Protein chains: 2
Amino acid sequence: MSKSASIGPELTIGQLAKTAGVNVETIRYYQRIGLIIEPIKPAHGYRHYHSDTIEQIKFIKRAQQLGFSLQEVAELMSLGHGGCLDVRKRAEQKREKIDRQIQDLQALRETLNQLINTCKRDASDQYCPIVESLSKI
Amino acid sequence: MSKSASIGPELTIGQLAKTAGVNVETIRYYQRIGLIIEPIKPAHGYRHYHSDTIEQIKFIKRAQQLGFSLQEVAELMSLGHGGCLDVRKRAEQKREKIDRQIQDLQALRETLNQLINTCKRDASDQYCPIVESLSKI
DNA sequence: CTTGACTCCGTACCTAAGTACGTAGTTTAT
DNA sequence: ATAAACTACGTACTTAGGTACGGAGTCAAG
């Protein structure tokens with residue numbers, strides 16, 4: 001209570017993990033692979049994490065849920081190195097990749113949708129059009 | 001040449017792998033995890049694979065590319081057990097999941113797009129709006 | 001009838017993305 | 001001032017989805 005009367009938004013790894021909604025070990029793992037930087041260890045005591053790291057971790061998690069690997073997340077996060085032109089180029093590449101992902105998913109969605117509609121006819125039927133056509137998707 | 005003058009569409013594991021475009025080991029792996037059934041081994045000789053298995057493997061690969069895990073692929077493939085109603089229900093759940101994925105990706109795409117547009121102003125600038133806002137995606 | 005290619009099978013190994021564990025140090029609450 | 005809780009660190013283990021390897025059997029051609 002004496003020291004650090006809320007000078008800056010600093011957290012221990014446990015607090016960070018809790019507020020970011022991940023495991024402590026996950027943070028340590030991200031540090032190991034260089035995805036987030038490990039704050040220097042003070043001569044005495046625990047490492048302090050800046051509260052910005054919360055957003056960073058949440059970003060990682062969101063990107064992951066969208067199908068990006070940690071490698072790709074690292075690329076997304078490193079867009080800041082190389083000047084505005086380079087950054088824009090890389091962002092455009094990412095956008096194209098996302099576009100392809102969306103198109104693939106939409107195609108699958110459409111296929112699935114058609115199957116569901118053909119199936120509407122007789123719910124208790126033993127014969128099922130979905131099953132029949134699934135192997136030919 | 002004498003035997004099996006193209007009686008049925010039967011293949012060795014190597015032929016199957018080649019035509020399906022996967023590694024022999026991959027097929028053996030799918031068998032290990034129960035994703036495709038291993039044909040019985042004849043008393044003498046090699047196992048025969050029905051050519052339908054080609055389509056099955058291709059289906060697995062396509063589904064995987066769309067972000068389904070092998071676990072989910074197994075679910076998709078087992079949709080045939082339980083009657084048409086159950087099948088449709090499960091297909092609808094899949095569709096909802098895909099819808100959410102598409103929406104998330106579209107949101108990310110839009111964010112990225114806005115960043116790219118703000119960045120158009122001065123390509124050689126040191127200050128880069130993308131970098132500034134990336135942490136808040 | 002032997003050689004080369006292929007199959008069978010088990011086990012080991014690989015990467016990605018963590019999770020768990022043991023020991024030692026630190027902090028905090030009582 | 002001592003126990004409970006937390007951090008630090010290294011190492012090991014886990015799951016998914018394969019890939020590789022080694023030895024033994026089998027098949028087809030020359």
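Numbered from 1 within each chain, the chains take letters A, B, ... in sequence-line order. Remember, predicted model here, so these are calculated numbers, not experimental data. Just so it is clear, the values below take in all heavy atoms, side chains as well, and ignore hydrogens, waters and symmetry mates.
Close to dC6(D), at under 4.0 Å from its OP1 or OP2, lies no side-chain N or O of Thr12(A). Dashed line: the shortest gap from a side-chain N or O of Lys61(B) to OP1 or OP2 of dG18(D) is under 4.0 Å. For dG18(C), neither phosphate oxygen OP1 nor OP2 lies less than 4.0 angstrom from any side-chain nitrogen or oxygen of Thr26(A). The side chain of Tyr29(B) places no N or O atom within less than 4.0 Å of a non-bridging phosphate oxygen (OP1 or OP2) of dA16(D). Dashed line: the shortest gap from a side-chain N or O of Arg32(B) to OP1 or OP2 of dA16(D) is not under 4.0 Å. Within the 4.0 Å cut-off from OP1 or OP2 of dC6(C), not a single side-chain nitrogen or oxygen of Gln15(B) is found. For Tyr30(B), a side-chain nitrogen or oxygen approaches OP1 or OP2 of dG18(D) to under 4.0 Å.
Residue Leu16(B) forms a side-chain contact (heavy atoms from CB on, under 4.5 Å) with just one option from Val24(B), Ile57(B), Ile36(B), and that option is Ile57(B).
Comparing dT7(C), dT19(D), dG17(D) by their nearest atom to the side chain of Glu25(B) picks out dT19(D). Checked against dC8(C), dG17(D), dC9(D), the side chain of Ser69(B) finds its nearest nucleotide in dG17(D). Ranking dT19(C), dT7(C), dC9(D) by closeness to the Glu38(A) side chain, first place goes to dC9(D).
One donor-acceptor pair, N or O on each side, does fall under 3.5 Å between the base of dG10(C) and the side chain of Arg28(B). For a distance-only test at 3.5 Å, the side chain of Tyr46(A) qualifies as a donor-acceptor partner of the base of dC6(D).
For the pair Gln71(B) CD and dT14(D) P, the interatomic distance rounds to 19 Å; values are reported in whole Å. As rounded to whole Å, 14 Å separates atom C1' of dA8(D) from atom CD1 of Ile27(A).
Side-chain atoms of Glu110(A) and Gln114(A) include a donor-acceptor pair closer than 3.5 Å.
The closest side-chain heavy-atom distance from Asn23(A) to Tyr29(A) is not below 4.5 Å.
Within 4.0 Å (heavy atoms only), Glu72(B) reaches no atom of the nucleic acid at all. If you check every strand for non-hydrogen atoms under 4.0 Å, Gln31(A) touches nothing.
A distance of 12.5 Å separates CZ of Arg47(A) from CD1 of Ile27(A), quoted to the nearest 0.5 Å.
With hydrophobic clusters built from ILVMFWY side chains whose heavy atoms lie under 4.5 angstrom apart, Ile60(B) shares a cluster with Val22(B).
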